[in-house]
Protein chains: 2
Amino acid sequence: MAKKRVSIKDIAKALGVSITTVSFIINGKAREQRISDEVILKVKNYIKEVGYKPSHVAQSLRLGKSKIIVFMAEDISNQFFSSIARFIEEKAYKNGYKIIYCSTDNDTEKAKELISTFQMRNVDGFIITPTPNIEESIQDLIKEEFPVVLFDRWLPKVDCSHVIVENRKSAFEGAQHLINKGCKNLAFVTVQSSQTQMVDRSSGFKEAARNADVTFTEFELKFHNLSEVGPYEELLDFFKSREEIDGVFFATNYLAFEGLQALDSLGREIPGHVKVVSFDDHYFFNLYKPKITAIEQPLELISEKLMETMLSHLDEFTVGYTPRKVVLSNTLNERESS
Amino acid sequence: MAKKRVSIKDIAKALGVSITTVSFIINGKAREQRISDEVILKVKNYIKEVGYKPSHVAQSLRLGKSKIIVFMAEDISNQFFSSIARFIEEKAYKNGYKIIYCSTDNDTEKAKELISTFQMRNVDGFIITPTPNIEESIQDLIKEEFPVVLFDRWLPKVDCSHVIVENRKSAFEGAQHLINKGCKNLAFVTVQSSQTQMVDRSSGFKEAARNADVTFTEFELKFHNLSEVGPYEELLDFFKSREEIDGVFFATNYLAFEGLQALDSLGREIPGHVKVVSFDDHYFFNLYKPKITAIEQPLELISEKLMETMLSHLDEFTVGYTPRKVVLSNTLNERESS
DNA sequence: TAATTTAGATAAAACCTTTTAGCATGCTGT
DNA sequence: ACAGCATGCTAAAAGGTTTTATCTAAATTA
């Protein structure tokens, strides 16, 4: 019953040829190694007959390549990350790579552990959303010559490839949108974070606000795991105490979802009473009544660039790792009912 | 620069001890193998010093176990699957397993290819949402003694472990809910599919409808990939021609999202004009105005049972694979504004 | 004292590939 | 008749582990 996996050795023995010969045939090097058609046919037929599949593990060991890439997201169940995961998967598989995923929860310790776990696993590369204070681990990976590509945010202190979007510029435009629509008292709702994507969004927003004839507040929620219960209560309190607010910029869609509920509870009408823009578009902004204006990140393009960068690093035989830094544009999807 | 990874052999050479000794120490078998404290200390210190990490690939080859499980979802970017992925990840990592994911798009050919690709990769097990007509491949896996656990749906023709939910019963209850609320003309919106989860939902709905004093229609959309553009237009046409419908049961949340938009466009008010129930709850049903009643699947429990079943199979040294079939209860979240 | 046990360690096989270097054999050209 | 070459194939090393069987020297037992 327990059919043992057949190996190259078994084939060789059964057919009375050498292991080498079989290997050459399997790898399409038969011709160039001048194996006779007769033998080729015999081996190929036998392989088909017994359904031989080479052991990838043995290949990995021999070749030092596993054809596995790690995708370290903040939280794979978050729509943004799972969408990217989907695209990445497609592009990876097309190139013969498989993806192992994991979620950091933006927890530095967890991320460090994960990285260290994978270092021993002969994975070929890392695609990572860096957590705070992860610089050292990333630097380590690079020193050990692992290809690394960061995304969503980057680490100013580490010279590492990354694919990010124009956070600052888009936040500026989002704020400008509110201003153009006539908002006078803006709020920027964000989470407490010193990571680049958040800092950039904040600074973009503020620049637009400062340049205009408006007042603005920044409301910084303490950090919540994406998977935790939402900060609805906090937002409710905030909006309750700020009746004058007539334009809100949410720094992430997750904040927007909670914020919209809070605004709704308070009877603030959108876009009549208060106008809203969110960073990071979502299917539901289009479904919500009223539809919500949002800044859309180019998910597929991000994924494409991620894999492109990864593959280019994987192909570099050279010792030198030359980081590539990609910055992509977003789209402001205006959705106010006119 | 190019620091070569240090192997057990390097350690042995550097310290003038044998490979075996080092291996025993690394694997905590030093005591039982009577290695002296002196040597143990020397080796452990050296390991720490050079930052040795064992090669998992070599271990896999030697032990025939990779500590990798494949998670084959229909579409990892779909909220249902990505949520499960997240839970599975947690439970897998806790037990020393890593997860490789892939998406089938419910495409049989693609699924077959993926399965065949992974068979050669020495993965330890498969968690799969089976596509139509995949029976043979699954049977193959089982014959080759791979642990397999199906979920979301199962294959009546294959004796294989699975974790599913009470589709029939919950659909019955969902329909009953509409009936209790006074609906007289029901519609069951589904996609064309002969897979168990859809068939069961349909039959549950119909049973409730037949037992009651109501009329009902089943509207079967042709299959769409989850990632494709939605069937909004089709639903619009359907509802337009059926003004009498006052209760709709959507067989998946994805259909509900599109259907809600269609109903909205037609000015049908919920729950005044028409009442709605969806299978498979979603964050947004709670956010939508009005809130939408939905049947919630126990995502974490599903994941738990999946891993539990998988781990139990992985632990079975025996030749016989004894399938375990788990069926879990759902929750009807009633959300009509009273 | 001889026989046996124990402590402390190791050699070598096995897991499955890929690939380099090389071995016969027969043929060509001179 | 012999160097040189093409043909068709193979031995063996390497990649990094784990584990079984074994080995030596010292300690214990009879």
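A note on names: the letters A, B, ... follow the listed sequences, proteins ahead of strands, and every chain is numbered from 1.
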Query raised in the report: What's the CG-P distance between D37(A) and dG8(D), to the nearest Å?
Result: 9 Å

Query raised in the report: Does F71(A) reach the side chain of I128(A), with side-chain heavy atoms less than 4.5 Å apart?
Result: no

Query raised in the report: Is any side-chain nitrogen or oxygen of K29(A) closer than 4.0 Å to OP1 or OP2 of dT19(C)?
Result: yes

Query - Length of the line joining K65(B):NZ and dC15(C):P, which is rounded to integer Å - result: 15 Å

Report task. Would you mind classifying the nucleic acid contact of V39(A) as base, sugar-phosphate or nothing, using non-hydrogen atoms under 4.0 angstrom? Result -> sugar-phosphate

**Report entry** Residues D75(A), R86(B): salt bridge by 4.0 Å N-O rule
**Finding:** yes

Query - Integer-rounded Å distance: dT19(D) P and I25(B) CD1 - result: 15 Å

Query raised in the report: Expressed in angstrom and rounded to an integer, what is the separation of N122(B) atom CG from dC15(C) atom C1'?
Result: 10 Å

**Report entry** Distance in angstrom units between I19(A) CD1 and dC16(C) P, rounded
**Finding:** 11 Å

Query raised in the report: Rounded to the nearest Å, what distance is computed from the CZ atom of residue F24(A) to the P atom of nucleotide dT17(C)?
Result: 15 Å

**Report entry** Distance below 4.0 Å between S18(B) side-chain N/O and dT10(C) OP1 or OP2
**Finding:** yes

Query raised in the report: In terms of side-chain geometry, is the basic nitrogen of D37(A) or K42(A) positioned less than 4.0 Å from the acidic oxygen of its partner?
Result: no

Query raised in the report: Between D107(B) and K112(B), is the closest basic N to carboxylate O distance under 4.0 Å?
Result: no

Query raised in the report: Quick one: is R34(B) getting a side-chain N or O under 4.0 Å of the dG8(C) phosphate, OP1 or OP2?
Result: no

Query raised in the report: Quick one: is T21(A) getting a side-chain N or O under 4.0 Å of the dT10(D) phosphate, OP1 or OP2?
Result: yes

Report task. For the pair E89(B) and K94(B), find out whether any cationic side-chain nitrogen is under 4.0 Å from an anionic carboxylate oxygen. Result -> no

**Report entry** Contact under 4.0 Å: S60(A) side-chain N or O vs dG15(D) OP1/OP2
**Finding:** no

Query raised in the report: Does Y52(A) make a side-chain N or O approach to OP1 or OP2 of dC16(C) shorter than 4.0 Å?
Result: no

Requested in this report: Return the 5'-most residue of the pair T20(A), L61(B) with respect to DNA chain D, ranking by each residue's nearest nucleotide.
Outcome: T20(A)

Requested in this report: Starting from C1' on dC15(C), measure out to CD1 on I8(A) and report it in whole angstrom.
Outcome: 13 Å

Query raised in the report: So, is S23(B) close to the dT19(D) phosphate, meaning a side-chain N or O under 4.0 Å from OP1 or OP2?
Result: no

Query raised in the report: For the pair made of CD in Q59(B) and P in dC15(C), what is the distance, rounded to whole Å?
Result: 17 Å

Query raised in the report: Which part of the nucleic acid, if any, lies within reach of L63(A) when heavy atoms closer than 4.0 Å are counted: base, sugar-phosphate only, or nothing?
Result: sugar-phosphate

